[in-house]
Every structure is written in structure tokens, then in C-alpha cells.
Protein chains: 2
Amino acid sequence: MGKGQAAPEGAHAHHHHHHEPHEAEQLIAHAEQVCREKGLQFTPLRRRVFERLAASAGPLGAYDLVEQLGRERRISPISVYRALEFLMEAGLIHRIALRNTYLPCAHEHGAGETTVFLVCSTCGNVDELASSEIARDLAGTAAQVGFRPVSRAVELEGECQSCRESE
Amino acid sequence: MGKGQAAPEGAHAHHHHHHEPHEAEQLIAHAEQVCREKGLQFTPLRRRVFERLAASAGPLGAYDLVEQLGRERRISPISVYRALEFLMEAGLIHRIALRNTYLPCAHEHGAGETTVFLVCSTCGNVDELASSEIARDLAGTAAQVGFRPVSRAVELEGECQSCRESE
DNA sequence: GTCCCTGCTGTTATATTGTAACCGCAACGG
DNA sequence: CCGTTGCGGTTACAATATAACAGCAGGGAC
Ligand SMILES: [Zn+2]
Ligand SMILES: [Zn+2]
Ligand SMILES: [Zn+2]
Ligand SMILES: [Zn+2]
């Protein structure tokens, strides 16, 4: 589909994430460390998938990755999905359910925090925030009916500040 | 795929929603009223789609509806999707992003409330709760970074009480 | 060494979910 | 009558995701 950012690379017109080479390197270094610590294999394929996500200006769809990685050598969708599954289980990336896209995790996740994804309908960027209030309220809401949550998807769709400022 | 509940119909083994004929009728009556009030057309197709959702023990996928409605007369996916889109815009049904399924709305939605969906991984049922605390927290979180939310998806995946009690 | 087991990836084919484009038709108001 | 609008039928297709099976490398067990 082409969910990658159409935003002008290099231009600093608005707030954005992990497309600076520097930020990408940081993310990759972090991923390496996490895998070392957890005894997980950061294989070449998984690394390539993660690198693409880290280098992207915004979240990518699985088939964006298939296409981008396929420029060098043909990669099948299933391989990409397997890498994405690994990265998600390792906590290195997130999936945006509203868009069927994936993005590298921007920060450490505390146990008592819920991650909130702010998905801009205009520019496609996704911001990731953590909130312990929401974590507490969600836990309370679930407890009301005896529900034991295992995973959470909290996603807001709307317009980000920079898009709003440029109308 | 068959996302409809495999749960035993008729047996009241666990907490469930809108599969009693009575509840289904209530939902349909409510939908009729909403459409009348808003000047929307509750056409036969839209009604059939809604009826199926109202009669189901759990959320249904679009192709579940295609199959169920197709028993009488072939209905194309696009028609079902159009009906679903209408029903969502009318606020009569919700879509569960984590599962790509649809379910009738169980209650009125206040302006200052956020709906939380509790999706049981075991039985597939979805419970719908409203929380003004979460609405407030989400608004606050979004405001921190100047984000203006338009729609929200707050979905917890886990185990519901009845499934937990029967281990 | 050989054997087996596990984890990772490749290959092929398929399933599932969602849309585009175009058309006919009925209703409604000129 | 005529144009417009909304609804839904038909066909074809796009986008997302998974199943099933095979090879291969590494690491122990024997
Ligand atoms: Zn994160
Ligand atoms: Zn934006
Ligand atoms: Zn509702
Ligand atoms: Zn359950």
C-alpha cells in the first residue's frame, strides 16, 4: 500500500521520530543490547527488518518491509512477519492495530505504565507516550468485571500538533 | 476464519451478551429509533447485517456476515462492508481493531466517556465498558503533545472472569 | 565421529480482510 | 420528463496474514 511517510526527508518541517541516522543507530544499539541481555538472537534478517523500521520516518506496513528489503534480495512476506513477531515479543517494536503498521519502540516500558499511541491521520506519524494513570484506570476498569488483561492496545487517531499548526 | 462463538448456544455456562432473542430485539428496536431520530435509512440490508450481529453470541468478522447472509441470497463482501460502515457511522456497532470483528453497541455513549473493550482470548467474547476517568486521562495525555484526538481505540486482550473461573 | 534436536529461514501456496469501478434502479423534486 | 441522490448489485482486485513443508547450521548426547 505504501504506508511509509511521504513527508520530505531531510526537511525539518515538523516533529518526527527515528529517521535521523543518529536515532536509528541508537535504536539498533538498544535492540542489540536487549537481545544480548535476554539471550535472543538478533539475526541478520531480524536486524534488517528492525533497521528499516528504525530508519523510517513513520510506521511501516509489513509489505512495505517486504518491498524495501526485497530490493537487495527477494524476501517473502512470511519471513518478514516472522521477524516482526520476534521483534514484538522482544518488546523492540509495536504494532498499530488501527493501521496494521509497525514501528520501533521509542523508550523503555515500565511495568505500571500503559503505552498510548497517537496516530496522526494527516501525516501518518505515530507518537508513543506512557501513562501510569491510564494503566491504573484500565486495571480498575477491567477489575470491575473480573477481567484479567494480558495485553493492551490504546490508540488515538487524530491530528498531531505540527499538522494542526500548518492547518 | 469463523470468528463466531463456538460457545454452546442455549447453555448458560458463562456470562455472555446479546444472544438472547430478547436482547437482540431490544438492540434492533434501539437501532430503529436511532435511525429515525437521525434521519438515517435503516434499509433491509443494513437491518439484516445488524440483526446478525445482534443475534450473535460474540463479535463477527465481515466474512462471517457474508457467509451467514449468503445462505438466503448471495451477498458480496463490499455490500457487507458498506452496511458495516453505515452502522459504525451511526454509532450502532463497534469494530474491534485487535480482531477485525464487529459487534453491536451495548449502550449509550456519553460525550465525556471513552469506551473500553475487553476482548477475551479464550471465549472470544467482548465486553464494552465506559470510563470517564480514562477519557480524561487520554485527553490529558494527548494534550501534553498538542495532539487532537478524533477517535479512540482502547482494547484490552486477556481472560474474562467466567473463563478464568473455569480455568 | 554420528545422531538427534532445536531454532531460523527459504519456498510455495493459500487464507483472510478490505476496496475500486461501474452500473442499474428507485425516490424525489424540478 | 429529467437530473440528482442514495442504495446496493456485480466484477474484479488489493492488502494483510498464515499454513505446510524443507533445508541447514549449531550444539549436545552418545
Ligand atoms: Zn514502546
Ligand atoms: Zn501529523
Ligand atoms: Zn458502544
Ligand atoms: Zn472468556
Side-chain angles (χ1 to χ4, degrees), chain A residues 1-4 31 35-36 38-53 59-70 72-90 92-103 124 153 157, chain B residues 1-4 31 35-36 38-53 59-90 92-103 119 124 153 155:
Chain A
M1 186 201 276
K3 290 157 161 170
C35 289
R36 250 195 323 269
K38 296 189 182 176
L40 302 173
Q41 302 190 44
F42 199 46
T43 64
L45 176 62
R46 292 166 178 174
R47 168 186 279 273
R48 284 211 299 279
V49 168
F50 187 80
E51 282 174 352
R52 289 291 177 172
L53 290 172
L60 296 178
Y63 278 78
D64 293 331
L65 290 163
V66 168
E67 188 195 348
Q68 291 189 20
L69 296 171
E72 329 168 6
R73 176 166 53 94
R74 166 70 189 170
I75 303 245
S76 71
I78 183 71
S79 290
V80 169
Y81 278 105
R82 286 193 284 226
L84 290 171
E85 185 183 6
F86 167 86
L87 294 168
M88 281 201 286
E89 285 180 0
L92 296 172
I93 65 173
H94 299 293
R95 177 188 146 98
I96 304 298
L98 287 175
R99 296 289 185 99
N100 303 322
T101 54
Y102 305 81
L103 80 165
E157 189 148 23
Chain B
M1 185 200 282
K3 289 156 161 170
C35 288
R36 249 194 324 268
K38 296 188 182 176
L40 302 173
Q41 304 190 42
F42 199 45
T43 64
L45 175 64
R46 292 167 180 174
R47 167 186 279 272
R48 284 210 300 279
V49 168
F50 187 79
E51 282 173 351
R52 289 290 176 171
L53 290 172
L60 295 178
Y63 278 79
D64 293 333
L65 290 163
V66 169
E67 189 194 347
Q68 291 189 20
L69 296 172
R71 295 210 187 104
E72 329 168 6
R73 177 166 50 93
R74 166 72 189 169
I75 302 246
S76 71
I78 183 72
S79 290
V80 169
Y81 278 104
R82 287 192 284 225
L84 290 171
E85 184 183 6
F86 167 85
L87 294 168
M88 281 202 287
E89 286 180 0
L92 295 172
I93 65 172
H94 299 292
R95 178 189 147 98
I96 304 298
L98 286 176
R99 296 287 184 101
N100 303 323
T101 54
Y102 304 82
L103 80 167
V119 183
E155 304 177 8

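The sequence lines fix the lettering, A, B, ..., with proteins before strands; numbering per chain opens at 1.
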### Summary
Rounded to whole Å, the CD-P distance (B:Glu85 to D:dG8) equals 12 Å

### Task
Please state how far atom NZ in B:Lys38 lies from atom P in D:dG6, giving the value in whole angstrom units.
18 Å

### Message
What is the separation between atom OH on B:Tyr63 and atom P on D:dA15, rounded to the nearest whole Å?
### Response
14 Å

### Query
For A:Asp64 and D:dA14, what is the distance between atoms CG and P respectively, to the nearest whole Å?
16 Å

### Query
To the nearest angstrom, how far is A:Arg99 atom CZ from D:dA17 atom P?
14 Å

### Summary
Taken in chain and number order and not counting sequence neighbours, the residues that satisfy side-chain contact (heavy atoms from CB on, under 4.5 Å) with A:Arg73 are A:Arg48

### Message
Below the 4.0 Å mark, does C:dG18 have OP1 or OP2 next to a side-chain nitrogen or oxygen of B:Arg95?
### Response
yes

### Query
Of all residues at least two apart in sequence or in a different chain, which pass the side chain to side chain donor-acceptor pair (under 3.5 Å) check with B:Arg95?
B:Asn100, B:Tyr102

## Note on the structure
Applying side-chain contact (heavy atoms from CB on, under 4.5 Å) to B:Glu67 and not counting sequence neighbours gives B:Arg71

### Task
Mind checking salt bridge (charged side-chain N to carboxylate O under 4.0 Å, His left out) for B:Arg52 and listing every partner two or more places apart, or none if nothing turns up?
B:Glu72

### Message
Using whole Å, what does the distance between atom P of nucleotide D:dA15 and atom OH of A:Tyr81 come to?
### Response
12 Å

### Gap between atoms CG and P, on B:Asn100 and D:dT18 respectively (whole Å)
10 Å

Listed pairs under 3.5 Å, donor-acceptor, residues 74-89 of chain B side chains, sequence neighbours left out:
residue, atom, partner, partner atom, Å
B:Ser76, OG, B:Ser79, OG, 3.3

### Message
Tell me the interatomic distance from B:Leu98, atom CG, to D:dA17, atom C1', rounded to whole angstroms.
### Response
15 Å

Could you run down the sub-3.5 Å N/O contacts of the protein with nucleotides 6-13 of chain C?
residue, atom, partner, partner atom, Å
C:dG7, O3', A:Gln41, NE2, 3.3
C:dC8, OP1, A:Gln41, NE2, 3.3
C:dC8, OP1, A:Arg46, NH1, 3.2
C:dC8, O5', A:Arg46, NH2, 3.4
C:dT9, OP1, A:Thr43, OG1, 2.3
C:dT9, OP2, A:Arg46, NE, 3.4
C:dG10, OP1, A:Arg73, NH1, 3.4
C:dG10, OP2, A:Ser79, OG, 2.9
C:dG10, N7, A:Arg82, NH2, 2.6
C:dG10, O6, A:Arg82, NH1, 3.1
C:dG10, O6, A:Arg82, NH2, 3.3

### Query
So, the side chain of B:Glu155 versus the backbone of B:Ile96: is there a donor-acceptor pair under 3.5 Å, distance only?
no

